[in-house]
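To start, the structure itself, in structure tokens.
Just so we're on the same page: letters track the sequence lines, and every chain starts at 1.
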Amino acid sequence: MGSLPKYNFMTKEELLAKLKTIITPYVQNQEGLEALHEDTDFIKDLEINSANLVDVVLDVEDEFDIEIDNEAMEKMITVKDSIAVIESKLASK
Amino acid sequence: MSNKKRVVITGLGVVAPNGMNVSEFDTAIQNGTSGIAHHEELNQLRFSCQIAGRPNYSDDYLNNYFSQLQQKGLEASGMEYGVIAGLDAWKDAKLSLPDADDAPRWNMGVIFGTGILGVDKFRDAIYKVDEGKVRRLGSTTVIQTMASGISAWLGGMLGCGNVVTTNSSACSTGTEAILMAYDRIMMGKADIILAGSTSDSGPYVWGGFDAMRILPYKYNDDPTQASRPMSATASGFVPGSGAGALVIESLESAQKRGAKIYAEILGGHVNSGGQRKEGSMTAPNSEAVQHCIGKALEQSGVNPGEIDAINGHLTATTKDVTEIYNWTKALDRSGKNFPYINSLKSMVGHCLAASGSIESVATVLQLHHGYVFGNLNCDDLHPEIAELIDHQSVPTKTLKITPNIVAKASFGFGDVNACVIFKKYST
């Protein structure tokens, strides 16, 4: 893409806010969502159905215009891990 | 006395081309309201037959049955119809939805059939796979396109711990599901089973039939006239879609719960003509049809003379004459002695895998409310049918009479048959 990628200069807070919006439809534990922090675990704390993790990853791909390979996806267990993956994919764009 | 348990119907649900719920459907079939309409999409796709029976509701309606997450990427119309009809029937039977941590309900099951599920979802998946984008399919392709997706979905919503399965026998699927549930409850293996069937809408389901040239193509401007079972001018079946659902329960369980009882299932039979003689992949062997009806009566302990009305398969092809002939032989009744007979397909078309369950809901409503609905579009009764049975047997207006025992039959590709005997409930 020739145009300037829109998310390359996001702060961590902005990334976190985007991620929160993406995962919200899949969350089954609303208290966990309200208390969202870096160490929040998608499955344990938010009770996201494990099958839905692939949908979260696809939504992340669409939102940030990146591609997340299987290896990177396996690392996306917590909020912190996910932000790290997103940042690294954005940086290598 | 045998150890057979008596089996009754305690809940109904339906999503049909002429009614989105049981009360709308009940009114529509008594008034003879057609649900068949022209569909521009079929014109664009150059179908010969551009009319169909398709349930019609707004997307908002799904919020009553599916969570926002469940609706994400939902592209399986048959799943929508089946879940709506199934949950409606469950609520109608005053059965509860379980909490997440409840034990499975070991005595309750789901037998919900279909011919093919989630074709639109499958189409999307095929495009993505062919483009090398398999990793973009998401998590819901399998659950929306596996045939048992519908029973799995309902089983989970209802917390059922007994049988949870999907049967498939073409156009006899729905009637077969009812009999599978009946058998299991009659034998004491379950107390309550949600039985029914569903069929997707759309060109990918109906296209194959259009290609076989067995759909009417001269009624694109006059859709409500197109489905003409038993008529001299019948020219093929109008494709339809939707779902029907019945809560089937042991009388014992229903009485213990104080449940409303719509009707009793006396018994029935399923069989196949083995694709021998005139039977084939697409045509029934008459001997097998007669055998199926005869066995259904025998198994129900009913004499042919006790049948007050028949809800036929009667799709509006030349086979209608053969079907009437088979009923006259199986019951040994003809002329003025023949029971009333009707075909719901005159109003909704042929809902394929869903036809047996939707038509059974209609049949049970007749017993419960006391009427025999009229047939549309057969004022010109086929002359060969008129030779077999009296005109009076084929009402063209709804009759306000209370049938006591009604036979319902469905026949499907593969030369398979199903016949069930329903009775007005009395203690």
Minimum heavy-atom distance between A:Ala51 and B:Ser139, given as atom pair plus value:
O-CB, 3.0 Å

With a 4.5 angstrom heavy-atom cut-off, is it the side chain or the backbone of A:Asn70 that approaches chain B, or both, or neither?
neither

Would you check if A:Asp62 and B:Arg136 make a side-chain contact, meaning some heavy-atom pair closer than 4.5 Å?
yes

Over 12 foreign heavy atoms within 6.0 Å of NZ, B:Lys189:
no

With a 4.5 Å limit on heavy-atom distance, are the side chains of A:Asp59 and B:Lys72 in contact?
yes

Counting heavy atoms not belonging to A:Glu71, are there more than 12 under 6.0 Å from its CD?
no

How close do B:Gly138 and A:Asp55 get, counting heavy atoms only, and between which atoms?
CA-OD1, 3.3 Å

Report yes if some heavy atom in the side chain of B:Leu69 is under 4.5 Å from a heavy atom in the side chain of A:Asn49; otherwise report no.
no

Side-chain touch B:Arg135/A:Met73, heavy atoms, less than 4.5 angstrom
no

A quick test of your reading: do over 12 heavy atoms of other residues, nucleotides or ligands sit less than 6.0 Å from CZ of B:Phe122?
no

Atom NZ of residue position A:Lys20 - does it have more than 12 heavy atoms of other residues, nucleotides or ligands inside 6.0 Å?
yes

CD/B:Glu40: more than 12 non-hydrogen atoms of other groups inside 6.0 Å:
yes

Counting only heavy atoms not in B:Asp59, do more than 12 sit closer than 6.0 Å to its CG atom?
no

